[in-house]
Every structure is written in C-alpha cells, then in structure tokens.
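By convention in this document, chain letters (A, B, ...) are assigned in the order of the sequence lines, proteins followed by strands, and residues within each chain are numbered from 1.
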Amino acid sequence: MSAKPVEELIKEWEREQVRLKGMLQVGDTEDWQRSPCFAGLERVGGVDLSFIKGDDVKACAQLVILSYPDMKLLYEDSQMVALDAPYVAGYLAFRETPSLLQALNRLEETQPALMPQVVLVDGNGLFHYREFGLACHLGVLSGLPCVGVAKNLLQVQGVVRDEEHFSQINALQKGGDTFPLTSESGRVLGKALRSSDKSTKPVYVSVGHRISLDTAIRLTHSCCRYRVPEPIRQADILSREYLRKHFPSADLQTQDAGER
DNA sequence: GCGACAG
DNA sequence: ATCTTGTCGC
C-alpha cells in the first residue's frame, strides 16, 4: 500500500516531539522523591522490547512491576506486538511507546493497585538530540514519573566518547559515583553513573518526566544489583524468555532438518 | 566521502 | 535490538 517516506515521517515526528515537550515536567513532583530513603515508594516499573533475530517488526513488549526496595516481582506482562515505525536514532519513542502504553493500560484495567509510581526506561530522557527521548515521551503520554537509563552513550550536543570521557569513567571509584553529561551550551543533560562497585562500564541516566536528575540518579543506583537496574534487567530477561519459549529459533543451522 | 547511529 | 562459547578472574 502507500508507504510514507521516512523523511516525511521524521518531519511529523519532530513536530510531535516539540508539542509533547510542552507538557514535560522536569523536577520532583512526588512526596517520596523528597525522602532520603524514598519512604512511600513501593512499586517501580520496568519496560523493554525484545526482538527475534531476522524480524524487525514483531517484538515482545514487556512490563514488570517490582516492589521497592526489595525488588521482588509483583507483576509481569509479555505481549507480542507488530511495530509499525522503523528505528531511527533520535526517534526511538515512535517505535516503542505505543506498545509500552498498551501494556500500562492493560495493567490499569486489570490491576490498578499495582500501577508503578515511577518507571525505569531502557533509553534516554532529556539526554537526547532535542532533549526529548523515549523516557520523556513515555512519561508525558502516561503521566507517570519516568527515568531514562541508557546502556550506551549517545553522542549528542557536544558530548563525545573521547579520551576525556574514558578518563572520567576511570575516575569513577565506586557504585554511586557519577559525572555530568554537559551540553556545549553548558546544561547538564544527564549523568554517567557507576551503578555498582563491580561494574566498570557506567549507565547513562537522564530525567524522563516528573523527577529531578539527582533523584533519578539516587533511585537508579538503589535499584541496581548488577550494572543494569533490576526493573529493566527483569523486563529484558522475561521478554527474551518469552521469545525463546514461543518462537524456538528455527535458524540456519537447524532449518533443513524437516526438508526431504 | 567519512563517521555516527539510545533500542 | 540480534548473531554467540568459552574463558579469565574474583
């Protein structure tokens, strides 16, 4: 049928990002966020999408809710979805947000008491080309506080993966240590966080919606048993597990077993 | 032309 | 995102 040129899509997407950015709330809006030990925080959400190797349309959308501070699994939802948007760096939200919102809606309908008080998102928030990454997008459209946690550095607004960056990484001594990701204009868009004593490679944390950067850092660190914070890690593990179970990899090594 | 490119 | 076993080290 009539496929829309990607360049056309991107123009629309850029306008939509600007529109939604007007609804963004940066800063702490919840009581628990002001508490030193996050008193009142009981449920943290994690979201992720996993794919099958040769298929960039079908995906497993995953939502998990973990208890805080125990990080026990309270709820999980795996759902196969068909994505309609391609992956374009800077526009990840248009590919992933619809499925994640649907998962949150299913939770709202079936177990509203389990709605998360904050969601950790696999990707960036304000640390983004136009300061409106996936975590901001999902935050605004869901109304929930969101934090962006990226596993890889996005080189944006003058932040570069150069010798200086690696030297800053080497200076991180222990879990909880950070250094700011500052744009050429001097704004702190996020922070690199050494998430545990054992992990050398930091994660990149930025504000999504309805939370301050300092709170986002403290929260992310307090959710880490390993490098990747538990809510995101569990979402990743469970969605992959779902794919393994329901789509036994019929790859190139085993596909001709039934031929002839 | 070359390098970058969250997931 | 995904392709992939073992291996070195605490």
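Distance A:Asp56 CG to C:dC3 C1': 15 Å, rounded to the nearest Å.
Sorted by residue number, the list of members of residues 186-208 of chain A with any non-hydrogen atom under 4.0 Å from DNA chain B is empty.
More than 12 heavy atoms of other residues, nucleotides or ligands lie within 6.0 Å of CG in A:Asn105, so this atom counts as buried by the packing criterion. Counted within 6.0 Å of CD on A:Glu184, heavy atoms from surrounding residues, nucleotides or ligands total more than 12; the atom is thus considered enclosed.
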Listing time: all N or O pairs from protein to nucleotides 3-7 of chain B that are below 3.5 Å?
| unit_1 | atom_1 | unit_2 | atom_2 | d |
| --- | --- | --- | --- | --- |
| B:dA4 | O3' | A:Gln155 | NE2 | 3.0 |
| B:dC5 | OP1 | A:Gln155 | N | 3.2 |
| B:dC5 | OP1 | A:Gln155 | NE2 | 3.2 |
| B:dC5 | OP2 | A:Arg161 | NH1 | 3.3 |
| B:dC5 | OP2 | A:Arg161 | NH2 | 3.2 |
| B:dA6 | OP2 | A:Tyr87 | OH | 3.0 |
| B:dA6 | O4' | A:Asn124 | ND2 | 3.4 |
| B:dA6 | N7 | A:Gly90 | N | 3.2 |
| B:dA6 | N6 | A:Gly90 | O | 3.3 |
| B:dA6 | N6 | A:Tyr91 | N | 3.3 |
| B:dA6 | N6 | A:Leu92 | N | 3.2 |
| B:dA6 | N6 | A:His128 | NE2 | 3.3 |
| B:dA6 | N1 | A:Leu134 | N | 3.2 |
| B:dA6 | N3 | A:Asn124 | N | 3.0 |
| B:dA6 | N3 | A:Asn124 | ND2 | 3.4 |
| B:dG7 | OP1 | A:Lys151 | N | 2.9 |
| B:dG7 | OP2 | A:Asn152 | OD1 | 3.1 |

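Using a 4.5 Å cut-off between side-chain heavy atoms of Ile, Leu, Val, Met, Phe, Trp and Tyr, with links allowed through other members, A:Leu238 and A:Leu243 fall into different hydrophobic clusters.
Residues A:Tyr91 and A:Glu14 have side chains that bring a donor and an acceptor to within less than 3.5 angstrom of each other. The closest side-chain donor-acceptor pair between A:Thr29 and A:Arg210 falls under 3.5 angstrom. No hydrogens or angles considered: nothing links the side chains of A:Tyr242 and A:Ser50 as a donor-acceptor pair under 3.5 Å. For A:Gln234 and A:Gln62, the side-chain atoms include no donor-acceptor pair closer than 3.5 Å.
A salt bridge is absent between A:Arg95 and A:Asp84; no separation between the charged side-chain nitrogens and carboxylate oxygens falls under 4.0 Å.
With a 4.5 Å cut-off on side-chain heavy atoms, A:Ile211 and A:Gln33 count as touching. By the 4.5 Å heavy-atom criterion applied to side chains, A:Val188 and A:Leu213 are counted as neighbours.
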Q: Scan nucleotides 5-10 of chain C nucleotide by nucleotide, 5' to 3', and note B when protein non-hydrogen atoms come under 4.0 Å of the base, S if they reach only the sugar-phosphate, - if neither.
A: ------
